[in-house]
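All heavy atoms count here, side chains included; hydrogens, waters and symmetry mates do not.
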Amino acid sequence: MLYKNRKLSRRLLIQTVTISFFRFSSFFDRIWAFTHMGFSHLYFRKMRGLLFYKLFGSGTGEGFTPVLNPNVYAIMTVWENKQMAENSLANSIIFRKYKNRSQENWTLYLQPTKCWGSWDKNNPFKINKKQEQTYPVVALTRATIKKRILFKFWKHVPDISDRIGSNKKVLFKIGLGEIPWFHQVTFSIWPDQESMDQFARKKGPHSKAIEAVRKNKWFKEELYARFSIEKEVGSWPDNKMQALEKK
């Protein structure tokens, strides 16, 4: 019995990351979602077991643009353990409000497998050394763009957006933002590591943008992370993972 309790304690110490996407259709629901980019902080700051959270708007088109998409918002959270995550996402007032207001919602439970860089001067993702990368693989990038190069950076974005939009291997992709123009997040899901690496390294707009970022030091802060998917709740029309599972 003592051995079982120790195993349970170890599981409860493992961090869980969640990201939830919400689509709002009516005018009043979109206004509610936009205003709650500010008001929702009052709820999240009081949540037990919540270690880190971010509220995101999204971009139009493929999502990788500085123009706000008023229909889609996202919430990322990091919890002390999976039990706290499941309880809060199912029962907290603010998540119930988001679900009731939205016409579609989708939540992914994630385990970080790799992470380098910083987010608000910290690394919010604690890697469980026993967690192996499973597939599909989730990729997240986050960058604070220096003010003096905003125009140069966003000039590269349309070509990158077109390329990832036409990539048949990517299962899901979206561009998110904490603060429009300045804090950019990309979130994508790939069937395997090879598909993701091919997109990142193949000659074209994306590789040129990466080269410019490194050469000219465009980012004030940056973070790159990879995740395995533990489970998903809800549905999303742009998600191709179900088609992958049927193959």
Side-chain angles (χ1 to χ4, degrees), residues 7-21 49 51-54 56 62-64 74-86 89 106-120 122-143 160 163-164 167-176 184-202 206-207 209-210 213-214 219 221-236 238-247:
K7 288 185 70 176
L8 177 62
S9 297
R10 284 197 295 270
R11 287 201 300 271
L12 291 176
L13 290 173
I14 298 174
Q15 242 185 35
T16 290
V17 180
T18 70
I19 186 164
S20 301
F21 301 95
L51 304 174
F52 179 86
Y53 75 93
K54 288 293 179 181
F56 303 118
E62 297 295 337
F64 302 90
I75 301 172
M76 170 169 275
T77 52
V78 181
W79 304 87
E80 289 182 10
N81 56 61
K82 188 177 180 181
Q83 182 179 350
M84 286 181 168
E86 291 175 329
L89 267 66
W106 183 44
T107 294
L108 294 171
Y109 285 75
L110 308 171
Q111 280 294 325
T113 56
K114 290 183 180 180
C115 187
W116 57 100
S118 62
W119 194 330
D120 292 343
N122 293 294
N123 185 337
F125 306 121
K126 184 178 179 181
I127 306 300
N128 174 17
K129 294 181 180 179
K130 295 183 179 180
Q131 175 66 48
E132 295 182 359
Q133 179 68 62
T134 58
Y135 299 95
V137 57
V138 173
L140 179 146
T141 69
R142 187 269 185 182
I160 298 172
R163 186 177 168 204
I164 195 171
N167 190 306
K168 296 180 179 179
K169 292 184 178 180
V170 64
L171 302 176
F172 178 76
K173 75 282 185 185
I174 191 168
L176 304 170
Q184 180 68 9
V185 173
T186 66
F187 183 90
S188 57
I189 304 175
W190 302 83
D192 48 54
Q193 187 73 35
E194 183 181 0
S195 300
M196 184 178 66
D197 290 343
Q198 283 179 354
F199 172 78
R201 297 171 183 172
K202 187 177 180 180
H206 188 262
S207 61
I210 292 175
V213 165
R214 295 286 172 265
F219 293 159
E221 184 181 52
E222 53 191 310
L223 176 139
Y224 302 88
R226 303 288 180 266
F227 303 87
S228 291
I229 300 174
E230 280 196 317
K231 73 171 186 176
E232 57 177 311
V233 178
S235 61
W236 200 259
D238 301 330
N239 165 29
K240 298 178 183 177
M241 288 200 300
Q242 292 180 348
L244 180 70
E245 292 168 359
K246 293 178 181 178
K247 291 183 179 180

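- Counting only distance, with no hydrogens or angles, the side chain of Asn128 and the backbone of Lys130 share a donor-acceptor pair below 3.5 Å.
- Partners of Phe56 by ring pair (Phe, Tyr, Trp, His ring centres under 6.0 Å), not counting sequence neighbours: none found.
- For the side-chain contact (heavy atoms from CB on, under 4.5 Å) with Lys82, the qualifying choice from Thr18, Ile14, Thr16, Val17 is Thr16, the only one to do so.
- For the atom pair CG (Asn239) and NZ (Lys173), the distance works out to 11.0 Å, reported to the nearest 0.5 Å.
- With values rounded to the nearest 0.5 angstrom, Gln193 atom CD is found 6.5 Å from Arg226 atom CZ.
- Within a 6.0 Å sphere centred on CD of Glu194, heavy atoms belonging to other residues, nucleotides or ligands number 12 at most.
- Taking the six-membered ring for Trp and thresholds of 30 and 60 degrees, Phe125 and Trp119 have ring planes more than 60 degrees apart, a perpendicular arrangement.
- Contact check for Val170 versus Ser195: no side-chain heavy atoms found under the 4.5 Å cut-off.
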Verdict with reasoning, Tyr109 to Thr107, per side-chain contact (heavy atoms from CB on, under 4.5 Å): CA-CA 7 Å; Tyr109 285 75; Thr107 294; 3.9 Å; yes
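- Counting heavy atoms from C-beta on, the side chains of Pro112 and Val78 never come closer than 4.5 Å.
- Under the side-chain hydrogen bond (donor to acceptor under 3.5 Å, both in side chains) criterion, Trp106 pairs with Glu232, not counting sequence neighbours.
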Check against side-chain contact (heavy atoms from CB on, under 4.5 Å), Glu80 and Leu51: CA-CA 7 Å; Glu80 289 182 10; Leu51 304 174; 3.7 Å; yes
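- For Lys231, the NZ atom counts as densely surrounded, since its 6.0 Å shell holds more than 12 non-hydrogen atoms of other residues, nucleotides or ligands.
- Closest approach of Gln15 to Lys126, counting heavy atoms only: OE1-N, 2.9 Å.
- Atom CD1 of Ile174 and atom OG of Ser188 lie 11.0 Å apart (nearest 0.5 Å).
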Worked verdict on Ile19 versus Leu176 for side-chain contact (heavy atoms from CB on, under 4.5 Å): CA-CA 12 Å; Ile19 186 164; Leu176 304 170; 4.2 Å; yes
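- Interatomic distance, Leu223 CG to Asn122 CG, rounded to the nearest 0.5 Å: 10.5 Å.
- Nearest heavy-atom pair across Phe187 and Leu110 is CE1-CD1, 4.3 Å.
- Within the 4.5 Å cutoff, side-chain heavy atoms of Leu108 are placed close to those of Ile189.
- Of all heavy-atom pairs spanning Gln133 and Thr113, the tightest one is OE1-OG1, 2.5 Å.
- For the pair Ser228 and Thr134, the tightest heavy-atom approach, listed with the atom from each and the gap, is OG-N, 2.8 Å.
- Taking every heavy atom of both residues into account, Asn123 and Cys115 meet most closely at OD1-SG, 3.2 Å.
- Residue pairs meeting the salt bridge (charged side-chain N to carboxylate O under 4.0 Å, His left out) criterion with at least one partner in residues 132-143, sequence neighbours excluded, are Asp120-Arg142, Arg142-Glu178, Arg142-Glu221.
- Residues Tyr224 and Thr141 come closest through the heavy atom pair CD2-CG2, 3.5 Å.
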Audit row: Thr77, Phe52, side-chain contact (heavy atoms from CB on, under 4.5 Å) steps and yes/no: CA-CA 6 Å; Thr77 52; Phe52 179 86; over 6 Å; no
